[in-house]
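A, B, ... follow the sequence lines: proteins, then strands. Residue 1 opens every chain. All values derive from a computational prediction rather than experimental measurement.
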There are 2 protein chains.
Amino acid sequence: MDKLSLGTLGQHLQTLRQAQGWSLSQLAAAAGIAKSNLSRLEQGNGNPTLDTIWRLAVQLKVPFGTLVAPIAVPLGEDGVEVRLLDQGKDRPQVDAYWMRCAPHTLRLAEPHTPGARESLILISGTLEAGPEGDTRTLSAGDTLTFAADRPHLYRTEDTWATLLLSVVYQEESPS
Amino acid sequence: MDKLSLGTLGQHLQTLRQAQGWSLSQLAAAAGIAKSNLSRLEQGNGNPTLDTIWRLAVQLKVPFGTLVAPIAVPLGEDGVEVRLLDQGKDRPQVDAYWMRCAPHTLRLAEPHTPGARESLILISGTLEAGPEGDTRTLSAGDTLTFAADRPHLYRTEDTWATLLLSVVYQEESPS
DNA sequence: ATAGAACGTTCGTTAAAAGGAACAGCTCGA
DNA sequence: TCGAGCTGTTCCTTTTAACGAACGTTCTAT
């Protein structure tokens, strides 16, 4: 099963803090914890208490699980890291993923169910993606939607690529 | 803001455990923690470590946040909950958000920097979104890209709406 | 009844998380 | 150039969460 990685928690803490313009000292003071404590956590050392995590989550205005959930790293054998962000509960069914590809990696994806479509939003880096034989090259900020009921691929060259990905499964015709 | 209630954690811990037919000793052993530890937690005393919570969440097969914040904490003043997913480090700068809107809510957004664009992927529900006066209605799986350097809005009717949102900031011309 | 094996509790000990002060580095203004 | 103020780090100390063994229960089987 998933193992607890403290390093990613630290990175995420730091990212959130800086994104909201806090300094380490400020956040620690606001949360009511010692800044030595926060410093250690951001470095990936230590094993925070629920109380500590809670105080930080409140100040960062994050639903708590966000602080630590991204630790789950389902796969990564091929230089690709994927995490499930959300699953729609409507029809059609939609799965939302966050995905990061290392440089010089190629990920081949099997066809999804008939009629399925994928939409990508590239956050950083450069990525070639799409159905085999009909791929596009995206740079940061670009979006792409394509039919995912055929074999498709994701390929990086010299850079990392980070993207949001959604899979829309075609509604089944109620015969 | 919300305060950490230790009692509720204990109750939920016990409820989940019993619902799955575990005994306290069994769960403690499976999770690899001392049963004295688990006992104390269920009684509402104590302040568990992230490692401890993690091990329990894995065994109980709950998404972690469920253990602590059983009821989702929509920390939106206006019925809108937003979390930062990621920030691109390239040019152009891209911010990625996850967003959930309660039924019958209207969110008005100020213009971003000139040239900024937003892309949406709707995960579930129905949402009307876009620049003021030029909005589109999206259903699950739909995508939309629009200029975000004008006032724009997000509006729900009878349903919740969950979506991914990215803001692409136009690269500044280095004068 | 009675030994056995579970259950969940309570205790003292130990490992470690949190606190607090001192530290080096940097920026800004006098 | 000096100092005041901030950044984040690294110690050392105090607090406390986690451990492990012992305990009082209850239930079953012999």
Novice: Where the side chain of Arg17(B) meets the backbone of Trp22(B), is there a donor-acceptor pair that is under 3.5 Å apart?
Specialist: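 Indeed, once roles are kept as given, a pair shorter than 3.5 Å links the two residues.
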Novice: Using heavy atoms and a sub-4.0 Å distance, could you list which residues of residues 21-29 of chain B are near DNA chain D? By number, please.
Specialist: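 Here the set is empty: none.
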Novice: Quick check on dA17(C): is either OP1 or OP2 less than 4.0 Å from any side-chain nitrogen or oxygen of Asn47(A)?
Specialist: yes
Novice: If I take atom CZ in residue Arg40(B) and atom P in nucleotide dC11(C), what distance separates them, rounded to the nearest angstrom?
Specialist: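 Those two atoms, CZ and P, are 13 Å apart.
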Novice: Just the rounded figure in Å: distance from P of dT14(C) to CG of Asn37(B).
Specialist: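 To the nearest whole Å, that distance equals 18 Å.
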Novice: Provide, to the nearest angstrom, the distance between the CG atom belonging to Asp51(A) and the P atom belonging to dA18(C).
Specialist: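 My rounded result for the distance is 8 Å.
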Novice: Would Ile121(A) and Ile121(B) count as a side chain to side chain contact (heavy atoms under 4.5 Å, CB included) here? Give the steps.
Specialist: CA-CA 9 Å; Ile121(A) 300 178; Ile121(B) 300 179; 4.0 Å; yes
Novice: Is it true that Thr137(A) and Glu128(A) share a donor-acceptor pair across their side chains at a distance under 3.5 Å?
Specialist: no
Novice: Let me know the distance between CG of Leu38(B) and P of dT9(C), rounded to the nearest Å.
Specialist: 9 Å
Novice: Return yes if a side-chain donor-acceptor contact under 3.5 Å exists between Ser119(B) and Thr143(A), otherwise no.
Specialist: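 No - no donor-acceptor pair under 3.5 Å links their side chains.
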Novice: Mind checking which nucleotides bracket the chain B contacts on DNA chain D, 5' to 3', with an atom under 4.0 Å from a heavy atom?
Specialist: dA17(D) to dG20(D)
Novice: Mapping Thr49(B) and Lys35(B) to their closest nucleotides on DNA chain C, which lands nearer the 5' end?
Specialist: Lys35(B)
Novice: List in chain and number order the residues that pass salt bridge (Lys or Arg N to Asp or Glu O under 4.0 Å) with Arg150(A), two or more places apart in sequence or in another chain; answer none if no residue qualifies.
Specialist: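 By the salt bridge (Lys or Arg N to Asp or Glu O under 4.0 Å) rule, Arg150(A) matches no residue at all.
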Novice: Would the distance check show the side chain of Arg55(A) and the main-chain N or O of Ala31(A) forming a donor-acceptor pair, the cut-off being under 3.5 Å?
Specialist: yes
Novice: Base, sugar-phosphate alone, or nothing: which one does Arg55(A) contact when heavy atoms must sit under 4.0 Å apart?
Specialist: nothing
Novice: How far apart are the C-alpha atoms of Leu38(A) and Leu27(A), what are their side-chain angles, what is the distance that settles it, and do they pass the side chain to side chain contact (heavy atoms under 4.5 Å, CB included) test?
Specialist: CA-CA 9 Å; Leu38(A) 179 54; Leu27(A) 176 56; 3.9 Å; yes
Novice: Mark yes or no for whether Asn47(B), through its side chain, and Asp51(A), through its backbone, hold a donor-acceptor pair below 3.5 Å.
Specialist: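 Answer holds: yes.
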Novice: Please classify the nucleic acid contact of Ser39(A) as base, sugar-phosphate, or nothing, using heavy-atom distances under 4.0 Å.
Specialist: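 Base: the residue Ser39(A), judged by heavy atoms under 4.0 Å, touches a nucleobase.
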Novice: For Thr105(B) and Thr156(B), does a side-chain donor sit closer than 3.5 Å to a side-chain acceptor?
Specialist: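 Result is yes, a qualifying pair exists.
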